[in-house]
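Okay, structure first, notes after.
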Amino acid sequence: MTECLFCKIIGGEVPSMTIYSDDDVVAIEDINPQAPTHVLVLPRKHIPTTLDIGDDDLELMGRCLAASNHIAREKGIDGSGFRIVLNSGADAGQSVHHIHFHLIGGRPMMWPPG
Ligand code: 5GP
Ligand code: ZN
């Protein structure tokens with residue numbers, strides 16, 4: 001049995017607010033939103049960090065970005081803009097070791113990030 005939180009969410013073992021799902025990708029509302037829109041776009045495949053992305057995963061990563069765009073349009077933040085963040089490793093603050101794209105929008109954001 002997997003110990004990965006996001007694998008459990010994808011498998012339905014842990015509840016979440018799922019807003020998008022297809023054969024490769026699942027998107028959920030972040031439990032601790034940092035903006036009016038804060039969605040986590042997850043590949044169904046367990047890939048711990050960006051460093052573990054293999055050549056076989058490149059299309060899957062594109063599908064995650066395409067799903068993010070789809071959700072951004074659905075949420076109505078395509079016009080105002082949004083940020084897609086993929087934290088990798090300790091200094092970036094990655095806390096769940098299953099790749100996830102944060103789709104954040106609905107308010108102006110600062111740069112550089114903190
Ligand atoms: P990271 O820090 O790894 O880039 O992002 C992990 C994200 O997962 C955080 O934004 C956090 O709020 C979110 N998160 C942690 N546990 C849960 C959970 O059980 N359900 C949902 N929907 N989001 C979670
Ligand atoms: Zn996982």
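No experiment lies behind these values; they were computed from the predicted model shown. Throughout, residue positions are numbered sequentially from 1 according to the sequence presented.
With hydrophobic clusters built from ILVMFWY side chains whose heavy atoms lie under 4.5 angstrom apart, Ile71 shares a cluster with Phe82. Val41 and Val96 fall into different hydrophobic clusters, where Ile, Leu, Val, Met, Phe, Trp and Tyr residues are linked whenever their side-chain heavy atoms come under 4.5 Å apart, directly or through other members. One hydrophobic cluster holds both Leu86 and Tyr20 under the rule that ILVMFWY side chains link at heavy-atom gaps under 4.5 Å. Clustering ILVMFWY residues whenever any of their side-chain heavy atoms sit less than 4.5 angstrom apart, transitively, puts Ile84 in the very cluster that holds Ile99. Hydrophobic cluster membership differs between Ile31 and Leu5, with clusters built from Ile, Leu, Val, Met, Phe, Trp and Tyr side chains linked at under 4.5 angstrom.
Looking at heavy atoms from C-beta onward, Asn69 lies out of side-chain contact with Asp78 at the 4.5 angstrom threshold. Looking only at side-chain heavy atoms (C-beta outward), Leu42 and Ile10 come within less than 4.5 Å of each other. The side-chain heavy atoms of Arg107 and Pro36, taken from C-beta on, include a pair separated by under 4.5 Å. Proximity of Ile19 to Ile28: side-chain heavy atoms (C-beta onward) are nowhere separated by under 4.5 Å.
Here Asn87 pairs with nothing under the side-chain hydrogen bond (donor to acceptor under 3.5 Å, both in side chains) rule; sequence neighbours left out.
For the residue pair Arg83 and Val85, the shortest heavy atom distance occurs at CG-CG2, 3.7 Å. Nearest heavy-atom pair, Ala35 versus Gly105, reported as atom, atom and distance to 0.1 Å: CB-O, 3.5 Å.
In this structure, Glu13 contributes its side chain and Lys8 its backbone to no donor-acceptor pair below 3.5 Å. Proximity of a side-chain donor or acceptor of Asp57 to a complementary backbone N or O of Leu60 within less than 3.5 Å is not detected.
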Worksheet item: How far apart are the C-alpha atoms of Val39 and Thr37, what are their side-chain angles, what is the distance that settles it, and do they pass the side-chain contact (heavy atoms from CB on, under 4.5 Å) test?
Response: CA-CA 6 Å; Val39 172; Thr37 294; 4.2 Å; yes
Practice prompt. Test side-chain contact (heavy atoms from CB on, under 4.5 Å) on Ser21 and Arg44 and set out the steps.
Written response: CA-CA 9 Å; Ser21 177; Arg44 286 184 182 272; 2.8 Å; yes
Item to complete: Determine, stepwise, if the pair Leu103 / His38 fulfils side-chain contact (heavy atoms from CB on, under 4.5 Å).
Response: CA-CA 6 Å; Leu103 170 63; His38 189 167; over 6 Å; no
Worksheet item: Given the rule in the salt bridge (Lys or Arg N to Asp or Glu O under 4.0 Å) test, do Arg63 and Asp24 qualify, once you have shown the distances and angles that lead to the verdict?
Response: CA-CA 8 Å; Arg63 289 186 186 280; Asp24 303 304; 3.6 Å; yes
Worksheet item: Checking side-chain contact (heavy atoms from CB on, under 4.5 Å) for the pair Phe101/Met61: CA distance, chi angles, key distance, verdict?
Response: CA-CA 10 Å; Phe101 295 73; Met61 294 298 100; 4.0 Å; yes
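Of the inter-residue distances, the one linking Ile104 atom CD1 with Ser68 atom OG reads 11.0 Å to the nearest 0.5 angstrom. In this structure, the separation between CD on Glu3 and NE2 on His46 is 11.0 Å, given to the nearest 0.5 Å. Taking CD of Gln94 as the start and OG of Ser88 as the end, the distance is 5.5 Å to the nearest 0.5 Å. Separation of atoms CD1 (Ile47) and CG (Asp52) is listed at 8.0 Å; rounding is to 0.5 Å. In this structure, NE2 in His70 is found 9.0 Å from CG in Asp22, a value given to the nearest 0.5 Å.
Between Lys45 and Glu59 there is no salt bridge, since no side-chain nitrogen of the basic residue lies less than 4.0 Å from a carboxylate oxygen of the acidic one.
Here the two rings, on His98 and His100, have centers that are 6.0 Å apart or farther.
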